[in-house]
Number of protein chains: 2
Amino acid sequence: MNQPIIQSSTRADEAFDCLQTAIVTGELAPGEKIGELELCSRFELTRGPLREALGRLESRGLLVRRPHAGVKVVSVSASELMELYRIREVMEGLAARQAAERMTDKEIRDLQATLDTHEKMIEEAKGQAYYQAEGDYDFHHRIATGSRNTKLAQMLLGDLYYMVRMYRYRLSTSAGRPHMALGEHRHIVEALARRDGELAEFLMKRHINAARQNIEEKIKEGVLTI
Amino acid sequence: MNQPIIQSSTRADEAFDCLQTAIVTGELAPGEKIGELELCSRFELTRGPLREALGRLESRGLLVRRPHAGVKVVSVSASELMELYRIREVMEGLAARQAAERMTDKEIRDLQATLDTHEKMIEEAKGQAYYQAEGDYDFHHRIATGSRNTKLAQMLLGDLYYMVRMYRYRLSTSAGRPHMALGEHRHIVEALARRDGELAEFLMKRHINAARQNIEEKIKEGVLTI
DNA sequence: CTTTTTCATTTTGTTGACAATCGCGAGATG
DNA sequence: CATCTCGCGATTGTCAACAAAATGAAAAAG
């Protein structure tokens, strides 16, 4: 019946996952031109499945490919990163509104429990930006799936988050404002618990907007360089 | 300049385009199981490029693929189609807001001229729902690109519109309310010309919401069956 | 000395054959 | 007679060789 899901059943899926994480973690730098044969030797696979994976990655916007000229990792400028946050703002706002209407009580309780865990992680491991970023990712992930909007979740989880995470790893500062973000998260969950979709949408949009402004400031200060 | 070259430079791109239009036009019905060899003979290409195209289509959500079991065209339920419109509402609202800030004066004038053309087409060819639908598509297309938000335009044009158009073809009724939609379009362009982003966003959201309710009603009446 | 053109190497795109896996039907058994 | 199992056929996944195109360097011309 249920087999260990860890093993991707096809080599192309395997390649896709490897490439995706390699891009997100920065193992493959943005703008870097990558040859197919090099990737083959690095990930121990042949060009057939690799090309299939490259096609998927390109379709998701993580790679750009010019015919006969090879593929290179997409390089997102600072302004484009800001545009990404604008998209997140409206899409996650919608997700929050629909999540308020559709998440089960148990899911909301679990989400609250998750926030407690996050709080402890922030207190205990100050500066451990990585885990804090993962906690933030987990929060938004749950709301996206909680919206019960298949396509919305697919677009958020499949496209936008990977791009944002890509820069999270690189900038390492992550949100940079753990306690503030946690408070905003709690506020949003409260709205969810009250089934107040409008408020949840408003708070989520403000939350993401704040994160965007935070990054924008740091970029202007020169603390972050993209 | 960039001339929209019809001939895709690579066979995989060709296959991708063919498959995509075949799915959108209903030549390949939703839920239909399709064999690779069958597709190869139908579109005159070999399995390598085909598989690459299938991967891209799957990544875009137009196909679902189970390992070793073949691919089938995605079938979207009525409720999922409604969810698609919810996403369009927020994303195109954002697009309209940014377009109001960023479109050139010439682009806006061209858009107004396009609406004049649409008006004539509606008057002359009553019932020619197809062209009217294409006009509507053109309108939204221009605003999406006019937002100057690369990723936003990519998501709208690459993902959502193809899914919506897929059902436009199938339902054939298109928006079903040509004159009303045209008036709303004019209203939106006015907001763009005044550089009133907030108003443009509001009007666009209301416009798409109206289209959604229109379809929803017809589905409830049993006029449309999905 | 700069620019252009040509050519060779490298890399991508494509092809057809090979291997693994699944679905389905026939047969056997309770 | 129903159900379970086994095996065959068909389809998908994978591989390695072939062909085409582009990048880069070297040479020739202005």
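Numbered from 1 within each chain, the chains take letters A, B, ... in sequence-line order.
Taking the charged nitrogens against the carboxylate oxygens, Glu201(B) and Arg86(A) have no contact shorter than 4.0 Å, which rules out a salt bridge. Using a cut-off of 4.0 Å between Lys/Arg side-chain N and Asp/Glu carboxylate O, Glu92(A) and Arg212(A) are scored as not salt-bridged. Between Asp138(A) and Arg142(A) there is a salt bridge, since a side-chain N of the basic residue sits under 4.0 Å from a carboxylate O of the acidic one.
OP1 and OP2 of dT12(C) both lie 4.0 Å or more from every side-chain N or O belonging to Thr10(B).
If you take CZ of Arg11(A) and P of dA16(D), they are 10 Å apart, rounded to a whole angstrom. One atom, CD of Glu14(A), and another, P of dC15(D), lie 10 Å apart when rounded to the nearest Å. Taking atom NZ of Lys72(B) as the reference point, atom P of dG23(C) lies 12 Å away to the nearest angstrom.
For the side-chain hydrogen bond (donor to acceptor under 3.5 Å, both in side chains) condition, the pairs that include at least one residue of residues 53-64 of chain A, sequence neighbours left out, are Asp13(A)-Arg56(A), Ser59(A)-Arg60(B), Arg60(A)-Ser59(B).
Of the residues in residues 39-65 of chain A, those placing a heavy atom less than 4.0 Å from an atom of DNA chain C are Arg47(A), Arg51(A), Arg65(A), in numerical order.
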Atom pairs, N/O to N/O, protein against nucleotides 5-11 of chain C, distance under 3.5 Å?
none

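Using cut-offs of 30° and 60° for the angle between ring planes, the Tyr137(B) and Tyr161(B) rings count as perpendicular. Between His207(A) and Phe139(A), the two ring planes are perpendicular [angle over 60°; tilted spans 30° to 60°].
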Item to complete: Report the C-alpha distance between Glu83(B) and Arg102(A) in whole Å, list the side-chain angles of each, state the deciding distance to 0.1 Å, and finish with yes or no for salt bridge (Lys or Arg N to Asp or Glu O under 4.0 Å).
Response: CA-CA 13 Å; Glu83(B) 298 297 340; Arg102(A) 300 175 184 176; 2.8 Å; yes

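Here the side chain of Arg66(A) is nearest to one of dT23(D), dC15(D), dT14(C), namely dT23(D).
A donor atom on one side chain and an acceptor atom on the other are found under 3.5 Å apart for Asp136(B) and His185(B).
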